[in-house]
Amino acid sequence: MSTTTRIITGALASTLLIAGTAQADREDWPQSFTVGTASQGGTYFVYGSGWANLVADELGISGGGEVTGGPTQNLALVHGGDVAFGLTTMGPASDAVAGKSPLAPGVAMDNVCALFPMYETPFSIAALSDSGITSISEIPDGARIGFGPAASTSDTYFPAILEELGVDFERRNGGWSDLGGQLQDGLLDVVAFAAGIPIPAVSQLEVQTDVNIIQFTEEEQQQVMDKFPVSPFDIPASTYTTLEEDARAVSMWNFAIAGCDLPEDFVYEVTKVTMENNDKMMDVHRSAATTIPENIEYNTVLPFHPGAVRWYEENGYEIDPELIKQ
């Protein structure tokens, strides 16, 4: 046998060995997977379905997104093993691990692990300029405040945030466009948004009237961060024509989650595909600009899946040992 033949034969044997090992590693992988998202047309559905397709294509496994009731239901579905993956926010996640989920009161959802950061949902406040309201402390007692659709992230957390800051108010719900119209018509005093920016309802208001974007003081921001699973956030001045400089706010991070009992090798490969293909994630949804490993620090609630931890640590990212699923 010539030297060249031996080299080719050796290379082929190595390739077959690697392929065989890869196949063996997949023996405990699920044959397919589902990602719990939210209603069609929303960011969660677009992001989750696109991510599922990317993972499926890269790993050669069947997968897709599923319409759900959103963050709170996704936690329950992942915990129960009804879906492999899901999308959620830190608020509902905090409630779920503490056994305070409205879908399963008293049940600590300990089969939910974090995978990777998605993007932030900012909390922002708007009022008409002629209201004279320029700060949270100036919101009058009994103010009529619109908090968005009932049971939404905004409606769940913003009232509690304002109560923490000493605001007395009358609670109103509705779609964002409808609430923006009520604000303009004088039927509301303030609208408190938890939604991606720029918020179309605010942008539309700016075209028709003068608006105040009300920022948090440093003290208010810290007080809220100490009480709720939110992070500091600045609304860029370029977001609205009203703003002359960045406006201080808070935001709640969205994270992808997985069943903690999923195979470690499988979750490692899923994390690898996601973290090493940000350009493809950006093609899925532009909010994926923040779907990067540097933002894992914004999960302080859920344990990370060991498979995800392995990828992060291999690539130089440290995770608090208390946030690693044992």
Side-chain angles (χ1 to χ4, degrees), residues 38 42-44 46-48 70-72 74-75 86-96 114-126 135-136 145-149 151-165 167 176 190-203 212-240 242-243 245-257 278 281-282 285-302 323:
T43 300
Y44 262 30
V46 175
Y47 186 110
T72 299
N74 290 341
L75 287 154
L87 313 180
T88 194
T89 46
M90 289 295 94
S94 178
D95 291 341
L115 279 188
F116 60 83
M118 295 165 53
Y119 55 85
E120 296 174 85
T121 297
F123 287 69
S124 57
I125 304 171
S135 66
I136 293 175
I145 301 181
F147 289 103
S152 63
T153 297
S154 181
D155 183 51
T156 301
Y157 293 97
F158 226 148
I161 286 173
L162 292 184
E163 287 175 353
E164 171 67 20
L165 296 177
V167 179
W176 294 123
V190 173
V191 178
F193 299 89
I197 55 174
I199 297 163
V202 176
S203 298
N212 289 343
I213 307 297
I214 301 169
Q215 70 172 338
F216 290 68
T217 65
E218 291 183 13
E219 293 75 18
E220 289 168 343
Q221 184 188 58
Q222 188 60 54
Q223 182 178 348
V224 171
M225 288 167 54
D226 290 342
K227 182 76 173 180
F228 301 95
V230 294
S231 305
F233 186 85
D234 286 331
I235 300 172
S238 59
T239 306
Y240 300 113
T242 297
L243 289 177
E245 58 185 23
D246 295 352
R248 191 181 302 105
V250 295
S251 68
M252 188 172 285
W253 271 87
N254 299 267
F255 265 72
I257 54 176
N278 187 251
M281 288 296 294
M282 287 280 287
H285 198 281
R286 63 179 184 175
S287 64
T290 52
T291 301
I292 54 177
E294 287 80 2
N295 290 327
I296 57 174
E297 65 177 303
Y298 295 110
N299 166 41
T300 59
V301 173
L302 295 171
L323 281 177

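Index from 1, following the sequence.
Interatomic distance, OG of Ser251 versus OH of Tyr298, reported as 8.0 Å (0.5 Å rounding). Here OG1 of Thr88 is found 11.0 Å from CZ of Phe255. Values are rounded to the nearest 0.5 Å. Separation of atoms CD1 (Ile136) and OG1 (Thr217) is listed at 7.0 Å; rounding is to 0.5 Å. With rounding to the nearest 0.5 angstrom, the OH atom of Tyr44 is 6.0 Å from the CG atom of Leu87. From Ile235, atom CD1 reaches atom CZ of Arg248 across 11.0 Å, with rounding to the nearest 0.5 Å. Interatomic distance, CD1 of Ile197 versus OG1 of Thr121, reported as 10.5 Å (0.5 Å rounding).
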Show your working on side chain to side chain contact (heavy atoms under 4.5 Å, CB included) between Val250 and Tyr157 and close with a plain yes or no. CA-CA 12 Å; Val250 295; Tyr157 293 97; over 6 Å; no

Please walk me through it: do Ile213 and Val202 pass side chain to side chain contact (heavy atoms under 4.5 Å, CB included)? CA-CA 9 Å; Ile213 307 297; Val202 176; 3.8 Å; yes

Phe123 vs Ser154, side chain to side chain contact (heavy atoms under 4.5 Å, CB included): CA-CA, chis, key distance, verdict: CA-CA 8 Å; Phe123 287 69; Ser154 181; 5.6 Å; no

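Tyr119 and Thr43 share no side-chain donor-acceptor pair at under 3.5 Å.
Heavy atoms only, all atoms of each residue included: Phe216 and Leu165 are closest at CE2-CD1, 4.0 Å. Here the closest non-hydrogen pair linking Gln223 and Glu164 is NE2-O, 2.9 Å. Here the closest non-hydrogen pair linking Phe193 and Ala201 is CE2-CB, 4.4 Å. Nearest heavy atoms, Leu302 versus Met90: CD1-CE, 4.4 Å. Nearest heavy atoms, Pro229 versus Met252: O-CG, 3.8 Å. Asn278 and Ala288 make their closest contact through ND2-O, 2.9 Å (heavy atoms, listed as atom of the first residue, atom of the second, distance).
A donor-acceptor distance shorter than 3.5 angstrom exists from the side chain of Asp246 to the backbone of Ala237, with no hydrogens or angles considered. Put simply, the side chain of Asp234 never gets that close to the backbone of Pro236: no donor and acceptor are under 3.5 Å apart. When atom types are taken as modelled, the side chain of Thr290 and the backbone of Met118 share a donor-acceptor pair closer than 3.5 angstrom.
The side-chain heavy atoms of Thr291 and Phe116, taken from C-beta on, include a pair separated by under 4.5 Å. Looking only at side-chain heavy atoms (C-beta outward), Ile125 and Leu162 come within less than 4.5 Å of each other. Looking at heavy atoms from C-beta onward, Ser231 lies in side-chain contact with Trp253 at the 4.5 angstrom threshold.
The number of heavy atoms from other shown groups lying within 6.0 Å of CD (Glu294) is above 12.
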